[in-house]
Amino acid sequence: MADKRAAVSLIDVRYAYPGSGAFSLDVPQLSFAAGVCTAVCGHNGSGKTTLGKLAAGLLRPSQGSVLLEDEDIAEWPLGRIGKQVGYLFQEPTRQIFAPTVLEEITFPLTLNGMEEEQAQELARTMLARFEMEPLADATTFMLSRGEKQRLAIAAILVNRPSFLVLDEPTTGLDARRKGILGRMINTLAEQGVGILLISHDAVFVRRYAGVTYRMAEGRML
Amino acid sequence: MRGPHPSEPPQPPDPRAVFALAAYLSLFAVFTQTLWLMGALLILAASSAILLHVDLARVFKKLKRLWQVVFTVALLQSVFSPSGEVWFSAGPVVLLSSGGVAKGLIVLGRLAILILGGSLFATYGTRELIQGMIQLRLPYEIAYMVSVGIRFVPLMGEELRDSLTALALRGVVIKELKLRQRLKVYTYLLLPTVAGSLHNARALAMSMEMRGFGAFPQRTSYFTFSFSRRDYLLLAATATLTLLTGAVMIRGGVT
């Protein structure tokens with residue numbers, strides 16, 4: 001993994017969904033440190049996912065700014081943000097594109113200029129870390145939800161992001177796979193990757209998050 | 001039986017009457033090649049949409065990208081089928097001619113009428129449209145599938161947008177790719193969209209069957225439509241217009 005150090009900061013960020021009129025999120029100051037897994041917990045509709053999407057540049061703030069490595073990302077195209085930030089959606093089906101598991105990991109690498117053999121080697125290493133190597137040639141459409149979740153995480157990590165947003169990453173994972181994911185989070189944090197973990201899984205958060213925030217009604221408590 | 005309370009705003013016409021009007025507009029918009037007739041149909045379609053309280057500004061805004069395509073198609077039609085008086089040319093290549101512009105306007109009018117014809121149903125709820133189709137003797141299963149299909153169109157659009165976002169977040173900048181790579185990426189985009197649609201369709205089908213959909217050969221509806229005097233007038237007007245337009249097209253050799 002790369003040892004790029006990164007942190008995301010939100011400064012006076014307010015966000016209103018189009019047509020809603022009212023602000024769904026109001027965060028005066030919040031930083032996600034590099035090398036730390038920061039968890040955000042809260043009830044449904046408290047604004048956790050909105051916060052994650054703002055931190056990853058998927059949503060642009062109505063007011064205020066989001067800084068990635070001290071640079072305002074307001075004008076950055078998503079493709080540029082994607083080279084540094086990884087985002088795991090709540091529904092993994094939406095971020096699986098290729099017909100086979102191996103190709104799912106390799107295609108962004110080869111599109112960005114990596115040799116096919118090198119990409120495959122890297123992909124197999126990543127699949128092995130998530131115990132998915134036997135499924136390398138499997139059709140992605142036929143995977144279970146848990147397998148899709150693991151594949152989506154592996155596909156994000158192979159891009160070596162410096163900041164990672166995991167929105168409910170433990171959904172569909174059994175206890176053993178949760179353990180693997182947790183250890184992976186620890187390793188990434190040790191390597192300097194900043195992680196925003198959005199989760200309802202209190203046990204997982206207690207075990208693997210370095211810092212925990214709570215949200216309610218779009219505000220940090 | 002539909003019966004509005006006196007304090008309620010006026011109810012829209014029976015959807016069956018509107019089906020007839022939309023069929024008339026679409027049919028003649030497809031077949032006519034005459035500018036004045038296309039113009040008349042366009043005015044009629046727009047007036048009908050306004051009378052039915054369709055939010056035309058919203059329809060235009062929602063179909064913003066489609067309109068760009070429509071205008072481009074009309075422009076290409078104008079440039080590539082020159083005829084009549086030449087208005088502007090670059091050497092031997094005619095860029096603007098009276099006949100070409102007329103053909104471009106016909107294409108523009110045709111697509112606009114088809115869109116306006118579809119928008120006539122924007123003020124009806126799903127249940128009303130299904131009931132209208134059932135009372136037109138369409139089997140309930142087919143009517144329901146049509147309504148579900150209509151509902152899935154915006155969902156598919158949303159899924160496609162999400163997939164594009166997810167792809168960009170994997171560090172794939174489509175603009176920076178070569179054409180061959182771009183085409184490959186577009187095929188990748190289809191997988192999550194199609195897979196998502198299949199997943200949604202399967203989940204919906206299971207959910208419907210669990211709730212007894214199709215358990216009995218016949219369904220009874222508490223909610224039914226019956227033609228009012230206004231609906232009969234609308235049907236009569238549509239029939240008259242159909243005959244008149246047909247006669248005009250046949251007599252004048254207008255096709």
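Chain A is the first sequence line, chain B the second, and so forth, proteins listed ahead of strands; every chain is numbered from 1.
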Ring centre gap for A:Phe107 and B:Tyr188 strictly below 6.0 Å: yes

Near-ring test B:Phe19/B:Tyr24, centroid separation under 6.0 angstrom: no

Around atom CD of B:Glu141, are there more than 12 heavy atoms from other residues, nucleotides or ligands closer than 6.0 Å? yes

Should the heavy atoms of other residues, nucleotides or ligands under 6.0 Å from CD of A:Glu75 be counted, would the total exceed 12? no

Tell me, side chain or backbone of B:Lys184 under 4.5 Å from chain A's heavy atoms, or both, or neither? side chain

Heavy-atom check, side chain of A:Ile96 versus side chain of A:Thr140, under 4.5 Å: yes

Determine whether A:Met114 and A:Leu122 make a side-chain contact, defined as any pair of heavy atoms from C-beta on separated by less than 4.5 Å. yes

Contacts with chain B made by residues 45-64 of chain A (heavy-atom distance under 4.5 Å), listed by residue number: A:Ala56, A:Leu58

Which of B:Leu189, B:Leu167, B:Leu164 touches chain A most, by non-hydrogen pairs under 4.5 Å: B:Leu167

Between B:Ser221 and B:Gln131, does any side-chain donor sit less than 3.5 Å from a side-chain acceptor? yes

